Visitor: 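Got a structure for you, questions after.
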Amino acid sequence: MSRRLARTVSTAALLLCVGSLVVGGIIHAATRPRVPEGIVVVVGDESTPGMQEIVADLRQRAAQGDDLTAGGETSTVVFVALVILLIVWVGIGTVIVWRQPANWAGWLFIITAAPFPILSLIQALMVYGLKIEPGSIPLISAWATIGEFALYPLALIPLLFLLYPNGHLPSRRWRWSVVGLVGGTFVAFVAFLVRPGPFNNWSEDGIVFENPFGIDALAPVAGSVIAAGTIVALVSALSSVVAIVLRFRRSTGEARQQMRLLA
């Protein structure tokens, strides 16, 4: 990728994050008083086993006084603060990419943090399009699916430990850690994608959204595949801690200063 294209892409990602946070915040602030409390919205077949349990649980919570609006003012403030922090994270990645377009550490800063501000916008759209003005948001299934899996790139954060600060692995022998982390995450992602039942991210908003990609025949094995992929990714992630320590011990001068805080 050329330096100019890299700078354009990284800057666009930063602007997308800031724009998502601003637009999502405006929608949330303007519509929050209109969100009906204690209402459960079901999208899909409520009678399927995975859907039945969560619908029953949410309705019981609503009957006990839960407003099903994803927390109060404190949780909202914490969430916004976290999103702003992650935008700073994206900004750090953008600075690295502007200076060193081939440095994968910079791109990973962007890839792992950008989904969170985007998710904040999607959440606002989901609540508005399903609870406040049903049918007003087009392609709601696409938004629901993107939002459900938006945080998966966070699983790649351990790659930063392997690639920081120069964008290269400490040595070739650490390739197995990258393969395990990326491969395990991908396997778990695919298994989640085809697992039948409700999405997880919208239940605290009182929205039960059935996975449109779920395959009933894969229900018995999906859980085991998810567990296997997660274990492989977790072991690989833990190995990155060892890489940090080893790289820090071998580093000198400026490189050691760059590694100090991360180590």
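Since we're looking at a predicted model, the values are computed, not measured.
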Visitor: Any donor and acceptor pair, going by atom type alone, linking the side chain of R195 with main-chain N or O of G214 inside 3.5 Å?
Guide: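 Checking the backbone N and O of G214 against the side chain of R195, no donor-acceptor pair under 3.5 Å is found.
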Visitor: Compare all side-chain heavy atoms of T48 with those of P196 and state whether any distance is below 4.5 angstrom.
Guide: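 No, side chains not in contact.
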Visitor: Are side-chain N/O atoms of W174 and S240 paired as donor and acceptor at under 3.5 Å?
Guide: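 Looking only at side-chain atoms, S240 and W174 do not form any donor-acceptor pair under 3.5 Å.
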Visitor: Going by distance alone, is a donor N or O of one side chain under 3.5 Å from an acceptor N or O of the other, for T112 and W89?
Guide: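 Indeed, the side chains of T112 and W89 share at least one donor-acceptor pair under 3.5 Å.
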Visitor: Do any N or O atoms from the side chain of W107 and from the backbone of P101 form a donor-acceptor pair under 3.5 angstrom?
Guide: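 Yes; at least one donor-acceptor contact below 3.5 Å.
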Visitor: So if you build clusters from Ile, Leu, Val, Met, Phe, Trp, Tyr with side-chain heavy-atom gaps below 4.5 Å, do V232 and L238 land together?
Guide: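 V232 does not cluster with L238.
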Visitor: Out of curiosity, does I231 fall in the hydrophobic cluster containing V179 (side-chain heavy atoms, cut-off under 4.5 Å, transitive links)?
Guide: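 Cluster IDs for V179 and I231 differ.
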Visitor: Between F149 and F189, is the gap from one ring center to the other below 6.0 Å?
Guide: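 Under 6.0 Å, so yes.
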Visitor: Could you tell me the separation between the CG atom of N103 and the CD1 atom of I96, rounded to the nearest 0.5 Å?
Guide: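 Separation between the atoms: 6.0 Å.
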Visitor: Would a 4.5 Å heavy-atom cut-off, applied to side chains only, mark F199 and N211 as touching?
Guide: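 Of all side-chain heavy-atom pairs linking N211 with F199, at least one is under 4.5 Å.
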Visitor: Taking N201's backbone N and O only, do any of them form a donor-acceptor pair with E148's side chain (distance below 3.5 Å, no angle check)?
Guide: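 Pair found, side chain donor or acceptor close to backbone of N201.
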Visitor: Side chains of M126 and D205: closer than 4.5 Å at any heavy-atom pair?
Guide: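 No, their side chains stay 4.5 Å or more apart.
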Visitor: Hydrophobic clusters here meaning ILVMFWY residues chained together by side-chain heavy-atom distances under 4.5 Å, can you tell me if V88 and V95 are in one?
Guide: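 No; tracing contacts between hydrophobic side chains, which count when under 4.5 Å, never links both residues.
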Visitor: Heavy-atom distance under 4.5 Å between the side chains of T145 and P212, does that happen here?
Guide: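 SC-SC contact between T145 and P212 confirmed.
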Visitor: Are V225 and Y152 grouped together when hydrophobic residues (ILVMFWY) are joined by side-chain heavy atoms under 4.5 angstrom apart?
Guide: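 No, V225 and Y152 fall in different hydrophobic clusters.
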Visitor: Side-chain contact, heavy-atom cut-off 4.5 Å: L14 with I87?
Guide: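 The answer is yes, as the side chains (C-beta and beyond) meet within the 4.5 Å cut-off.
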Visitor: Kindly say whether G197 contributes a backbone atom to a donor-acceptor pair with the side chain of E210 at under 3.5 angstrom?
Guide: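 Checked: no pair found.
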Visitor: Could you tell me whether the side chain of K131 and the main chain of I39 form a donor-acceptor pair under 3.5 Å?
Guide: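 Indeed, once roles are kept as given, a pair shorter than 3.5 Å links the two residues.
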Visitor: Going from CG on L119 to OG on S20, what distance comes out if it is rounded to the nearest 0.5 angstrom?
Guide: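 Result: 10.0 Å between the selected atoms.
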Visitor: Does any non-hydrogen side-chain atom of L159 lie less than 4.5 Å from one of V182?
Guide: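 A side-chain contact under 4.5 Å exists here.
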Visitor: Keeping to residues at least two apart or across chains, list the salt bridge (charged side-chain N to carboxylate O under 4.0 Å, His left out) pairs with something in residues 38-51.
Guide: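 Those involving residues 38-51 are E46-R59.
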Visitor: Is there a path of hydrophobic side-chain contacts, each under 4.5 Å between heavy atoms of I, L, V, M, F, W or Y residues, that connects L156 with V242?
Guide: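 Yes, because L156 and V242 connect within a single hydrophobic cluster, where side-chain heavy atoms sit under 4.5 Å apart.
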Visitor: Short question: side chain of T31, backbone of R34 - any donor-acceptor pair under 3.5 Å?
Guide: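 Looks like no, no N/O pair under 3.5 Å.
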